[in-house]
Participant: 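Quick one: structure below, then a few questions.
Just follow the structure's listing: the first ligand is 1, and inside any ligand the first atom is 1. Basis for what follows: all heavy atoms, side chains included, without hydrogens, waters or symmetry-related copies.
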Amino acid sequence: MGFADNIRLLPNRTMRSLLISLSHRRSLARLAVRSPLTRPVVARFVAGETLAQALPAVAALKRAGLRTTVDVLGESVTSPEHATAAAGRYLATIAALSERGLDPNVSVKLSQMGLGIDSDLCRANVMRIVEAVRGVSGFIRFDMEDHAWTDATLEVWRAAHDAYPQVGVVIQSALRRSSADVDAIIAAGGHVRLCKGAYDEPSTVAYRTKAAVDANYARLMERLLLSDLHPALATHDPRLIAKAIQIVEREGLGRDRFEFQMLYGIRRDLQRTLLDRGYAVRIYVPYGQEWYPYFMRRLAERPANVGFMLRAIVKEEGRRLRGH
Ligand code: FDA
């Protein structure tokens, strides 16, 4: 039995925790990013390492009728210079999208903007991006990181949303607090992207079973759909998508009242089916060199991806050794 098979035998929860903990390892990130072996596998989930590579991917999605939001990969920066440089990459991205007639819609992690260093620095970086987005009548959404960041992220969101209403935020159904957060955001007239949550959270703050996370998603989704604040339902889960459609049809809600969102490279069949049925679907398109933590979270969501990755690496290495 090979390493790949042994890995596959780990229970899903253990595997998920292992992969999420590996996602924080900077030494592994350096190794993975330098290795040519990981490229073909990563390309499934990441639209390129540079803006020039990502733009054609965004344009192709637009031609296919899909909406997009672009994420310039990076998180948990440790120096103010890196945070400011990351904000600069967003400014360049927004300008390039707008110049090419592509949707100036971006998703940003606040730990990339310096939230872990100094909240004033983070706000200054964020407001530069918000102003750029406002200048092209675009949209910006703050991604949600693990529960240690929730309060601070919502605080920055409130200030930014006061300045420009087209600033959205993400809520995770895995967190026990999310019901109260959704109520507060609805009261403030905010736009929520609802997701399950990609982090390995303790039971003190989070639901730890798929059934509980999904049940909370269904509850929050219903509240958001009825709120009429254009929620984004971010999931690839066919059961929750069917439930959303059921609510929309039961309540006679227009299809312009919400959108489905999915990640680049995941369930492309489902993206197409929803589009063909007349629903709005937005694809989250990540690009950049700092793809490692994002990629590891995608592996953690579906442990079968690990086998897929290992097989692709073995194939690539075989090809290299044979001199192809
Ligand atoms: P679930 O994990 O139950 O998967 C349902 C089905 O989808 C699987 O059976 C499989 O077919 C498919 N699938 C799911 N993940 C896959 C993968 N990685 N590879 C292949 N197939 C896969 N999280 C967060 O904490 N903060 C955030 O800001 C965001 N932002 C965000 C934006 C968008 C647009 C999406 C779609 C998701 C996020 N997420 C996120 C991630 C989210 O929290 C969650 O981890 C993933 O979406 C996976 O959960 P599903 O809802 O798809 O369900």
Participant: Quick one: CD on Glu290 to CD on Glu49, what's the gap to the nearest 0.5 Å?
Facilitator: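 Taking CD in Glu290 and CD in Glu49, the distance rounds to 10.5 Å.
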Participant: For the backbone of Thr273 and the side chain of Arg277, can you confirm whether one donor and one acceptor N or O come within less than 3.5 Å of each other?
Facilitator: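 No, the answer is negative, given that no donor and acceptor are paired below the 3.5 Å cut-off.
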Participant: State plainly whether the residues Glu75 and Arg297 are in salt-bridge range, i.e. N to O under 4.0 Å.
Facilitator: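 Yes, Glu75 and Arg297 are salt-bridged.
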Participant: Any idea which residues sit under 4.0 Å from ligand 1, heavy-atom distances?
Facilitator: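 Lining ligand 1 at under 4.0 Å, by heavy atoms, one finds Arg44, Asp143, Met144, Val170, Gln172, Arg193, Cys195, Lys196, Gly197, Ala198, Tyr199, Lys210, Ala234, Thr235, His236, Asp237, Gln261, Met262, Leu263, Ile266, Arg267, Tyr284, Arg298, Glu301, Arg302, Asn305.
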Participant: Could you pull out all residues at least two apart from Asn305 that satisfy side chain to side chain donor-acceptor pair (under 3.5 Å)?
Facilitator: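 So Asn305 forms a side chain to side chain donor-acceptor pair (under 3.5 Å) with Arg302.
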Participant: Measure up the Tyr284 and Tyr294 rings against each other and bin them: parallel (under 30°), tilted (30 to 60°), perpendicular (over 60°).
Facilitator: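 Parallel: the ring planes of Tyr284 and Tyr294 meet at under 30°.
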Participant: Stepwise, does the side-chain contact (heavy atoms from CB on, under 4.5 Å) test hold for Thr204 with Arg176?
Facilitator: CA-CA 9 Å; Thr204 43; Arg176 297 177 191 276; over 6 Å; no
